[in-house]
Amino acid sequence: MKKFNIKSVFALVLCLAIVLSINVYGATEKPVDVTSGLSVIQKTDEYKLMGEDSGLKLFLNPKTTNFYVEDVKTGEKTYAFPESFPKEDETALAQQIEMQAALVFTLWDPVKKTESRKNSNAVCVKQGNYTVYSKENGFLIKYVLKSQKIEICLSVILENGKLYCSIPANSIKEEAPEATMLLRVAVLPFMIKGEANTDGMIILPDGSGEVLDFGTTRKNANVYFKHIYGRDLSATLSVEDKTGYDINCPYLAVINGDNGILAIPEKGAAVGYVNANPAGKSNNFANAYFSYDYRAGDIAIIGDKQTMASQSTRVFSEDVYEGDITVSYSFMFEAASMPALAKLYGEYLVPEKSQKGESHSAIIDIFGFVNEPKSFFGFPYTAVSVISSGEDILSFAKNEKLKGVTINLKNVTKEQQKGTLDTKIKLISKVISKSQLKAVSANDVNLYVDVDPITFSKNTFAVNSFFTASKTIYGAPIGLYDYRESTHMVNKKVAKKLLLKYTKIDSVVGKLTASSNKLDIDGLSSETLGSMSYHDHSNGGTLADTHAAIEAAIASASKKTGLLLSSPNDYAIKYCSAITDIPIESSNDDLCSGSYPFLQMALGDRISYSTESINLYRSPETMFLKALATGSALRYNFILSDTEPIIGTELNYLYSADFASFKEMTERQYSAWHQVNAKTKGSALVGYTENENTIVAEFANGTVVTVDLGSKSYSVAG
């Protein structure tokens, strides 16, 4: 019998992977002609009025393609990019040329396997390779990258008091993708900007909000580049270390002197990124902008990363993004402030206010059981171990000092017990009975049950990483594997997580909702629904498809039951009864100078929101005090019975979450929260300053909360 040669198979798959990385551009539908019926504008070197709406005017210079928005009342102007540079400016000429571009392109050469960066000013405008068209209340520019044989259009219009800048992706033309492929495009890199050592700042959508100020230059800082909605786990094998917070609610807010701008990626966010540079890095401006993937790519690892046998190759999706890419810009030329911009963003996120009040004053996760690995005469098996019994849950609900809390029962569905997909919420009798559940809800508490309708488990060993990599390149069904500390080595001892087909999400959520309505509960909670965005390669879905399917499911479910979602993406928030795990800090990147509760200000009195878990935070008292200062509800994670069974399981991080250890603290903090809320009356946070260890927070009804993080104390006035 011929000996099996793993090295030969490895080489074959690796060669195939490399070939695929060169030839994966797919045949797309014929590009749409968005210029049909539009009139061409002559390229004269003067600004022309192109649109007027809601007290704003839009002017364009057809020769330079720069444009500005003017406030009719004040005469103030905001330019798309800098008009010119002073003679003493030390910015390199090549950088100045890119700074005066409306679009920046990232390109890939499949033959040389190199990535390059081009901009619309250098390769199009200065070469005369562009055409300007007039549109109703705006204009459209068609840029031609002649050498690369690529065409791309930018539409700019004034409408409803906003400036909309759009790239119709279905109009992009690539005539020679075998030589040059378009990977990514950045929109108006210098619309959101501020000159060094001037008064102003940009707030990035990182955590609660991250401050990029203009007053400090940081030549050695890293650039900021982060995917909106976080990493698409199903489209990659590259497991990244988690650094800071995901961007669930994308925006850019800038205050520059007396003017303010709020930028929102209204279309295409699922394939978008947030980018930022500090002043001094490459020029004299701090700036921030959105960029978008036209063609998704990744680095696939073949073999185990820590061995010499591993190889990596760049792979790209066969599909290109064919939706619209749209960024809206809202302007404030008078009384501009971060709270005012945040309020504007809140109106976008939650068009209709929900009744905040005290309906979710504290949100407490209670974990019911854990699947504990055990062995019998050397044979492994999984045992369901109760860590919070029904009697303990009932006793907790009867705690007079915690009246009015929201209890979120975790790990209580058949789906999570059995590891298979199930659309019925069947309470486990060993944890809590139906009569106990009814008794819990009879107390003055809100009661939610946790579900995960997006992922499910198969209790089978995962294949090794070598074959996992090759299957992913082929576009095989997707599994979320557990990797050992980002080594790319599959942990075969854990169950494989599978993603639900996007076409089934609405049906599964609907059945779970119907099942929950048969129980005496207030609604459903979820850590995945509304916070996960993925591409299921095996079923022809796209990120946009999944986005639409999840939003439709959430919208439908919200009409039938309450929804308590954890760190939801922006499109899910308006359907929530309350949202949890909103950070009180940012990722503290080296280009930034601190955190700012922009997201809390945006949510304001529109919807209930909570902090991350107080008792799991490194300093519970600090988290509690910042909850008071940001108008947040309190959030805790507890086990009521026995923490011992969770050791070595996926709930290992909860080992210190024993309620008995935090009972006194929880009751004290809950009482204090109510005293402060009686003063603020649940009104929105409208002012926030943090100086060393002192925070001063102002609420809409005039109440001022002052927090001293050093002495762990607070005071309330007004």
Side-chain angles (χ1 to χ4, degrees), residues 24-41 50-51 58 60 62 65 67 101-108 118-120 123-125 128-160 162-188 264-272 290-297 316-328 535 540-549:
V24 296
Y25 53 87
T28 58
E29 296 182 7
K30 186 178 180 180
V32 175
D33 182 8
V34 294
T35 66
S36 178
L38 301 181
S39 58
V40 176
I41 300 175
M50 304 303 299
L58 174 63
L60 166 72
T65 69
F67 58 91
L103 303 176
V104 176
F105 315 105
T106 302
L107 307 170
W108 176 256
K118 305 289 182 182
N119 66 79
S120 59
V123 300
C124 303
V125 176
N129 301 324
Y130 71 101
T131 308
V132 184
Y133 300 86
S134 177
K135 290 185 67 175
E136 183 180 357
N137 236 22
F139 57 88
L140 182 142
I141 304 174
K142 180 167 73 174
Y143 295 103
V144 179
L145 288 72
K146 200 168 183 179
S147 298
Q148 293 78 18
K149 297 183 179 180
I150 295 173
E151 292 182 6
I152 186 168
C153 294
L154 172 66
S155 168
V156 181
I157 61 170
L158 272 179
E159 189 175 24
N160 300 323
K162 292 183 179 182
L163 181 73
Y164 291 90
C165 298
S166 302
I167 297 173
N170 61 358
S171 70
I172 294 175
K173 183 184 293 185
E174 291 180 301
E175 293 184 359
E178 70 281 357
T180 306
M181 296 192 297
L182 176 64
L183 300 186
R184 187 177 302 121
V185 58
V187 180
L188 297 187
I264 300 173
E266 300 208 7
K267 293 182 180 179
V271 293
F290 297 108
S291 62
Y292 299 82
D293 277 341
Y294 176 64
R295 178 181 276 102
F316 296 101
S317 171
E318 292 184 5
D319 302 319
V320 295
Y321 180 71
E322 294 184 338
D324 285 342
I325 291 168
T326 302
V327 182
S328 71
H535 177 126
T542 66
L543 287 167
D545 292 332
T546 308
H547 171 138

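Computed over heavy atoms, backbone and side chain alike; hydrogens, waters and symmetry mates excluded. For this chain, numbers begin at 1 and follow the sequence in order.
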Query raised in the report: Do you know which two heavy atoms are closest between A102 and Y143, and how far apart they sit?
Result: CB-OH, 3.7 Å
Query - Pair K135-S155, side-chain donor/acceptor within less than 3.5 Å - result: yes
Requested in this report: Examine distances only and state if a side-chain atom of S171 and a backbone atom of P168 form a donor-acceptor pair shorter than 3.5 Å.
Outcome: yes
Report task. Test I41 against M50 for side-chain contact (heavy atoms from CB on, under 4.5 Å), laying out the working first. Result -> CA-CA 11 Å; I41 300 175; M50 304 303 299; 3.3 Å; yes
Query raised in the report: Between N137 (side chain) and G51 (backbone), is there a donor-acceptor pair under 3.5 Å?
Result: no
Report task. With rounding to the nearest 0.5 Å, note down the distance linking OG1 in T326 to CD1 in I157. Result -> 9.0 Å
Report summary line: Shortest non-hydrogen pair, L145 vs C124, comes out as CD1-SG, 3.9 Å
Query raised in the report: Less than 4.5 Å apart, any side-chain heavy atom of V185 and any of Y294?
Result: no
Report summary line: In terms of heavy-atom contacts, F105 and N119 come closest through CE1-C, 4.0 Å
Query raised in the report: Counting distance only, does the side-chain N/O of E159 pair as donor-acceptor with the main-chain N or O of Y164 below 3.5 Å?
Result: no
Query raised in the report: Hey, what do you get for CG (L58) to CG (L163), rounding to the nearest 0.5 Å?
Result: 6.0 Å
Query raised in the report: When you look at Y292 and V327, which way does the side-chain contact (heavy atoms from CB on, under 4.5 Å) test go after all the steps?
Result: CA-CA 11 Å; Y292 299 82; V327 182; 3.3 Å; yes
Query raised in the report: With K267, which residues qualify under side chain to side chain donor-acceptor pair (under 3.5 Å), at least two apart?
Result: none
Query - Step-by-step side-chain contact (heavy atoms from CB on, under 4.5 Å) determination, L140 to C153 - result: CA-CA 7 Å; L140 182 142; C153 294; 4.1 Å; yes
Report summary line: CG of L38 to CD of E136, rounded to nearest 0.5 Å, is 11.0 Å
Report task. Using the side chain to side chain contact (heavy atoms under 4.5 Å, CB included) rule, pick out the option among I172, D293, V320 that qualifies with L182. Result -> I172
Report summary line: Value for NZ (K173) from CD1 (I150), rounded to nearest 0.5 Å, stands at 12.0 Å
Report task. Specify the closest pair of heavy atoms between P62 and V132, including all atoms of both residues, with the distance to one decimal. Result -> O-CG2, 3.9 Å
Report task. Grab the two heavy atoms, one from F290 and one from P265, that are nearest each other, plus how far apart they are. Result -> CZ-CD, 3.5 Å
Query raised in the report: In Å, rounded to the nearest 0.5 Å, how long is the span from CD of Q148 to CG of L107?
Result: 5.5 Å
Query - Contact summary for F67 and L60, nearest pair of heavy atoms - result: CB-CA, 4.0 Å
